Structure formats: structure tokens, C-alpha cells
> 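Structure incoming, see below.
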Amino acid sequence: MVRLEDILEKVSSYNGSGNLDIIKKAYVFSGMVHEGQKRMSGAPYLSHPLEVAYILSGMEMDPITVATGLLHDTVEDTHTTIDKIRELFGGDIASLVDGLTKLSQITFNNKADREAENFRKMLVAMANDIRVLVIKLADRLHNMRTIEALPDEKQMKIAGETLDIYAPLAHRLGLGKMKVELEELSFRILKPEEYRKLKEQIESEDEEMGQYINDVKAILEKRLSDYNINGVVTGRLKHFYSIYRKIVEDNLDLEHVYDVVAFRIIVDSLKECYEALGIVHSMWKPIPGRFKDYIAIPKQNMYQSIHTTMIDPHGNRMEVQIRTHEMHRIAECGIAAHWKYKEGKDLSEKDERRFAWLRQLLETQKELKDSEEFMKTLKVDLFPEEVFVFTPDGDIKEFPTGATAIDFAYSIHTDIGNRCVGARVNRKMVPLKYRLNSGDTVEILTSQNQHPNKDWLNYVVTSRARARIRQWIRTEEREKSIALGRMVCEKEFKRYDLDLNRLLKTNTLENIGREFFGLNNVEGLFAKIGYGKLSILQIVSKILPPGRLPQSRNVWISRFKKIFQRSKKEFQEGVIVDGIDDVMIKFAKCCNPLPGDRIVGFITVGSGISIHTNSCLNVIGVDQERIIGAEWASTLQSARPARIEITCVNEKGLLSEISTAISSAGANISNADVRTEDKKAICTFEMEVQDLNHLRTIINGINSIKKVVKVERILG
């Protein structure tokens, strides 16, 4: 187990004048409040905060951060309060601990909500102080190193979350070394058989690989020396997860993955980086399309290096990375390589720009209330791969892989995005859904008559574009419903000899809306009528005396109920809608909700209530006045349709194996479609399942099939 002395010695080695007393005090307090607690492995609980603090000291973080590593679980797992931490350790540490503490005292509707809110809180804390995330990553790294003590199911969940969220976050902060370890540990848990086979196969060739690495190193060192370049050359096997991804994505066997070895040349100056590049290209033939200059165009996470892939003397592919010593330090440690708290100074303007992605991420996430949609968008925003494109003026913009011309338009300005009608990419006209590629020069064309539509949500990938499109749709929907409601009032009031303009001048309608329906203004009343949530008779009954109401009113209501009851019989065992009886209900085909999904009702005009998942794009963008609470009835027996998309290696017999897995889980396949692209097969299955748990069982079964890359439920 790590000792306090190990941490203090580490901190002293890079920060001799640092406040070691705060670390000692945090150690004593943590030991006191965690006394008697054990980890799942049986080790004393204190071993965990000690390891986290040691990881942080290895990243050369400031004493405040290291001390917080010792205290990070004190509020969550003991009776300690934030006020107590503030009293003993000051506001900085209290703020960091609070940002790390899960929302354990707040009641959520379900586990998904709790997890989403924990990430949301962490994002808010990150925006104020990025050290929150650095500590959280150190915490997750040690938990992954000791994950074997947990039940298998929990190991799978934590490893999946680590691969989807925490490894990309480490990548975003430039913590390359940590990102790789998180990926390797997750891969070992999620795909144990593939990990074992890959490890055994590579280790069986270890001696041969070692000799090959030594030979190439010697050749490179001699040639650099001939040109008076003092370069440090290292060679290593690529990481298992990186090799596995290449095997799956390119449909290869390990013996056909030729670039499993990577070499790195570290030189003293920027000038020598390009000189070294010229030397290696003169020695071996470079492969077109495999050259990337991240020195001239750095990644957003501060990473700088030259990457090139060449054919070695034996005909094998060989990757070489070239960088300076400072670039290497930043590539390994990212933000920790020049953390502002080391000097007690604020980040420079250049460094602030490097973390603009975090501010933007937080801004767009604020609008996502649904936990499933929040987590889905968060994963997109933490993309591990980027494309770099140019504006017509030569400015560089960075986007996630798969971003479209619409994403580019919204990155410039909201008005440009809302009015974009097309794009010129490399001087050629392309549609708005064109996927951007690195090196593209993009020019957006706009029109005053253009406006966003819901289809755009199927193409965009950036949260900024998605949020702006939804915002426009919500505003437009409300304006349309207000206009429709006013038109209905104007027409229907005449049947009762009522004058709409007079009722508006006397504030009669506004008063009715406020007194009887809790609405603040007459626009809200019109909107409810336009949505079909209020009827004209409900309004008229508040204006006219009972004797003047039409005799046919009760007959009309009776007919209304009969119409709804005809349809209700079909679904009366399926869904319960808040506060409404005898209402027509139908399931939305756009998202095909399943029992177990969180659902809402969407009030349509003249067609009753449509049931959607609460993350469905068709209800996220509408005014909340049309949304009504709904839940599944416990008596539902019938099967429901569900669709999944499977990405796998295009290999003979694999489709049969997938079909067998679905049938074995007790599901009936009603439709199947298969297409191929880039050595992969994309399989879409429509089937009948009992509920969400049934679907998850099917997905887990398919995921266990070798050479299946991913399985996703199709909601729209």
C-alpha cells in the first residue's frame, strides 16, 4: 500500500516550496473518518484515497489537488459535511470535494437519472475548476486497477462507462498515458476472450518483435547521428485495445495487422522535428494518406506530434511519431504538464481557448433535461477522433468524426445555421448532410427563406447544432399553436355571439386563463387551445351563464368519449395517462416505446394522445404544454416491436449466429435488412419483445458474439 511518505516525497520532487502540511492534515483527517471501513477486496478503505493522491502526485498536481485526492470520498462515504471540510481545509478544497461528491441525498426517478445528474454536476464543477475532473479520473483509474473485487455484472457496467466517458475525457485533457491505461483495463473486462487471445498471440512473438524493435532503433539512431541530430528513439508494441480496434474495423486477423509496432523520435527543437521527418522518409517509403502534422495543426487537447507510416525493409507497415521533449511531456500529461496552480497564475488566453470545448459542452448540456438524451449527447461531445476543416479565410475548425455541413454552419453563428441551404466544399456544391473530412474547405450558403426542420436532427452530431435546432423548433411550434388557437377562438366564438377583440380589450380571456387554468397571459391560453389541450367549450363555459350554453354540449361530450373508448379498448391494459380517462391512445412509430422505457404522452390535435419515449426527438423539440405524464400498466401482456442495428465484421456465418442469438432469447424476428460498407456488415433487425429488459438480454447475447463491434437500439 502507498504510504504518506511516498506522496510527500513525490510532491517535494517537483514542488519544493509547496504546502505539504495541507497534505499531512488531509491524510490524518481521512484516516480518522474512514477508520474501520473496508473496500470490497478487504483492504482498508484508506488505501484508496492514498492511491488516488499518489496518482495525482505522479501527474505533478499542486498540493491542494493532492490533498483533495485524500479527502474526495469523505463527504460521500462518511458523516463528514462540506461545511466541516470548508472549516478545516478552506474553500478551495471544499469546492473540489463538493464537485466530486455524488448526489446521494437527492431522490431521482431511476438510476439513469441519478447517473446523468452526477455527470451533469461534474461538468458544472469542471467548468469552474478543471481539477475536479483530474481528481475524478485518478479516482476512476485506481478503481479500474482494483475492479476484480466487484461482481462480474458491476465490472461490466463500470468498464463500459469508463470506455464511453472517462477514457474520452482523459483524451480531451491530453492525458494520453491515463487514457491508454483506462482503455486497456476496460478492454480486458469487456472482451476478456479477445484480450486473452491477443495477449497470448503477441507474447508468443515477443522475442522476434523485441529483436525487430532493437534493429529499427539502431538504424534510426545512427542515421539521426549522421545528421548531427540528438534524438531519443523508442519503440514499442501498440496497445492491445488499439490493435483490437484495427482488427475489428478492418476485418483482419492479427497476422495481417502489420503496423502493430510504433516508434517515437524525441528531438530538441521544432526545426529538428521536420529534419527528422525528412530523414525517415528518405530511408523508407511513406504510405500516402497516413501522414498527419499535429505540430502545425495541434489537437484541441494540446497534443502536438508528427505521425507518419512507412513500409520498412521487410515490407511491413511501421508508424513513426516525431516530437520535441516538451511536446512529449504534454502528450503524456496534458493539462497537468503546465497546470496554472503550480505558479498561482491564471491560464493564458491561449490555454483558455484550448478548453473552450468544456464551456461549450456545459452550455449545450443545460438544455437537455432527459437523462438518456443527456448521456447520449455527452458521449458524442467526448469523441476520441476529430476532423479538421478550413473556413474560406483559412481558419481551422475542429469537429467530431461524422460532423456535417450543418454542424459547421452552427459553429459559425446560430443565424448562419438557421438559414443555411447548402454548402461548397472544396469549391463544389454538396448537400447539407455532407460528412466533413479533414482538409475540407467549407463555405456555407444561406437564404432568408430557409429555416431548420426536424430532419436536421438526424444528421447533426455536435451538441451546439442540436440545441440550436431544438430551440428554433420549440419557438416555431409555440408561435404556430398561438396563431392556431387565436384563429379557432375567432371562428368558434361567433357561434355564441362573442366578440374576440372585445374579450381581449377587457382582459376577459387573460383573467379566465389566470384564474381557471393557471396561465400567465392570453398567449398561453391560445397555445393550449391550438395544441388541443383546452376546448372552446371550456372557455365559453367560463364566459356565458349556464342557460346560454348550447343544449347539445352533453351530447357532443358523449360522442367524444365514445370515439375515444373505441380506440382505448385496444390499449387500456398498456398505458396509464395522468389524470385522463376514456382517452384515445396510440404508440408512436418514431420511437416504438417498450415497457420499461420512460414514456410521456403527446397531446395531438384531434387524434388523442400519442405515447413516446421521453427521449424521442419528436417530443423533445415541442412545447412542454403538449406533454402529459404517462406510465406503463403492470397488466401489459402483448409483445411490442423493437429495432436494433448491429455493426459486425462481414464474415460468412455471422448473420446466422446473430439470428440464432435473437431466437434463443425468445424474440420473433419480423424483418431484417443487411448492407455492407468498408468490410463491415450493418444489420438492422425488427423483432417483437416483451419489454426493455427482454431487449437488453438480446443485445447482451449479441454483444458476446465474436467479431460483433457494437449493437444499438434504433429509437427513431
Side-chain angles (χ1 to χ4, degrees), residues 168 172 289 292-294 296-300 353 356-357 359-361 363-365 367-368 373 376-476 590 617-618 620-621 645 647 675 677-678 680 682 712 714-716:
R172 275 300 214 159
K292 294 179 181 178
D293 188 347
Y294 293 119
I297 306 176
K299 290 189 177 184
Q300 248 184 354
R353 286 199 302 271
W357 64 271
R359 311 285 176 181
Q360 183 175 318
L361 175 62
E363 175 189 339
T364 52
Q365 299 303 330
E367 300 186 22
L368 298 173
E373 180 69 11
K376 182 179 178 181
T377 308
L378 176 63
K379 291 175 185 179
V380 171
D381 284 341
L382 295 176
F383 55 88
E385 300 295 335
E386 306 91 1
V387 294
F388 298 92
V389 298
F390 296 88
T391 68
D393 295 331
D395 295 329
I396 297 171
K397 285 186 171 289
E398 184 179 1
F399 293 93
T401 300
T404 64
I406 303 176
D407 292 293
F408 183 94
Y410 277 103
S411 75
I412 299 171
H413 194 278
T414 299
D415 287 342
I416 300 295
N418 286 344
R419 294 188 287 109
C420 64
V421 291
R424 284 195 190 97
V425 174
N426 306 326
R427 299 183 180 181
K428 294 181 180 179
M429 287 296 300
V430 297
L432 286 174
K433 60 183 180 181
Y434 171 84
R435 303 287 178 188
L436 302 175
N437 297 301
S438 286
D440 283 345
T441 298
V442 186
E443 179 186 357
I444 299 298
L445 308 177
T446 62
S447 168
Q448 294 294 337
N449 299 322
Q450 175 68 305
H451 55 75
N453 63 66
K454 288 182 181 178
D455 287 343
W456 288 10
L457 294 170
N458 298 323
Y459 308 134
V460 298
V461 299
T462 59
S463 55
R464 177 183 177 85
R466 193 173 293 276
R468 297 299 177 266
I469 294 167
R470 286 201 190 103
Q471 183 182 38
W472 191 93
I473 290 172
R474 280 197 302 268
T475 302
E476 184 72 5
C590 54
L617 294 177
N618 288 328
I620 290 173
E645 183 178 88
T647 304
R675 69 182 192 276
E677 62 180 50
D678 297 331
K680 296 179 192 173
I682 313 296
E712 293 181 321
I714 302 174
L715 291 175

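We're numbering straight along the sequence, starting at 1. Note that the structure is predicted; figures quoted are calculated from it, not measured. Side chains are part of it too, since the values below use all heavy atoms of this structure and drop only hydrogens, waters and symmetry mates.
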> Can you name the nearest heavy-atom pair linking V460 to R466, along with the distance?
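So the minimum-distance heavy-atom pair works out to O-NH2, 2.8 Å.
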> Okay, side chain of R435, backbone of G402: is any donor-acceptor separation there less than 3.5 Å?
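Looks like yes, one N/O pair under 3.5 Å.
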> Heavy atoms only: give me the nearest F399-S411 pair and the separation to one decimal.
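Where F399 meets S411 most closely, the heavy atoms are CZ-OG, 3.4 Å.
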> For a 4.5 angstrom cut-off between non-hydrogen side-chain atoms, does P431 reach Y459?
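No - every pair of side-chain heavy atoms lies 4.5 Å or more apart.
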> May I ask you to test the L436-D407 pair for a side-chain heavy-atom distance under 4.5 Å?
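Heavy-atom side-chain distance check fails, nothing below 4.5 Å.
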> Would K397 and I412 satisfy side-chain contact (heavy atoms from CB on, under 4.5 Å), going step by step from the backbone distance to the final call?
CA-CA 10 Å; K397 285 186 171 289; I412 299 171; 4.2 Å; yes
> Find out whether W472 and T475 are in side-chain contact, i.e. whether some heavy atom of one side chain is under 4.5 Å from a heavy atom of the other.
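No, their side chains stay 4.5 Å or more apart.
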> Do I469 and K454 make a side-chain contact, defined as non-hydrogen atoms from C-beta onward lying under 4.5 Å apart?
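They are not in side-chain contact.
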> Got a second to check how far F408's CZ is from T462's OG1, nearest 0.5 Å?
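Output value for this atom pair is 12.0 Å.
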> Report the residues that fulfil side chain to side chain donor-acceptor pair (under 3.5 Å) with T414, sequence neighbours left out, ordered by chain and then residue number.
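Expected list: R468.
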> Who pairs with H413 by side chain to side chain contact (heavy atoms under 4.5 Å, CB included), at least two apart in sequence or on another chain?
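With neighbours one apart ignored, the set is D415, I416.
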> Supply the atom-to-atom distance I682 CD1 to R675 CZ, rounded to the nearest 0.5 angstrom.
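If we round to the nearest 0.5 Å, I682:CD1 and R675:CZ are 5.5 Å apart.
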> If you look only at distance, which donor and acceptor atoms sit under 3.5 Å apart when one is on a side chain in residues 439-450 and the other is two or more places apart or in another chain?
from : atom 1 : to   : atom 2 : distance (Å)
D440 : OD1    : N426 : ND2    : 3.1
D440 : OD2    : Y434 : OH     : 3.0
D440 : OD2    : N437 : N      : 2.9
S447 : OG     : N449 : N      : 3.2
Q450 : NE2    : C420 : O      : 3.1

> Please tell me if the side chains of H451 and N418 come closer than 4.5 Å, counting only heavy atoms from C-beta onward.
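No - every pair of side-chain heavy atoms lies 4.5 Å or more apart.
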> For Y410 and P452, work out which heavy atoms get closest and say how close.
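Smallest interatomic distance, heavy atoms only, reads OH-CG, 3.4 Å.
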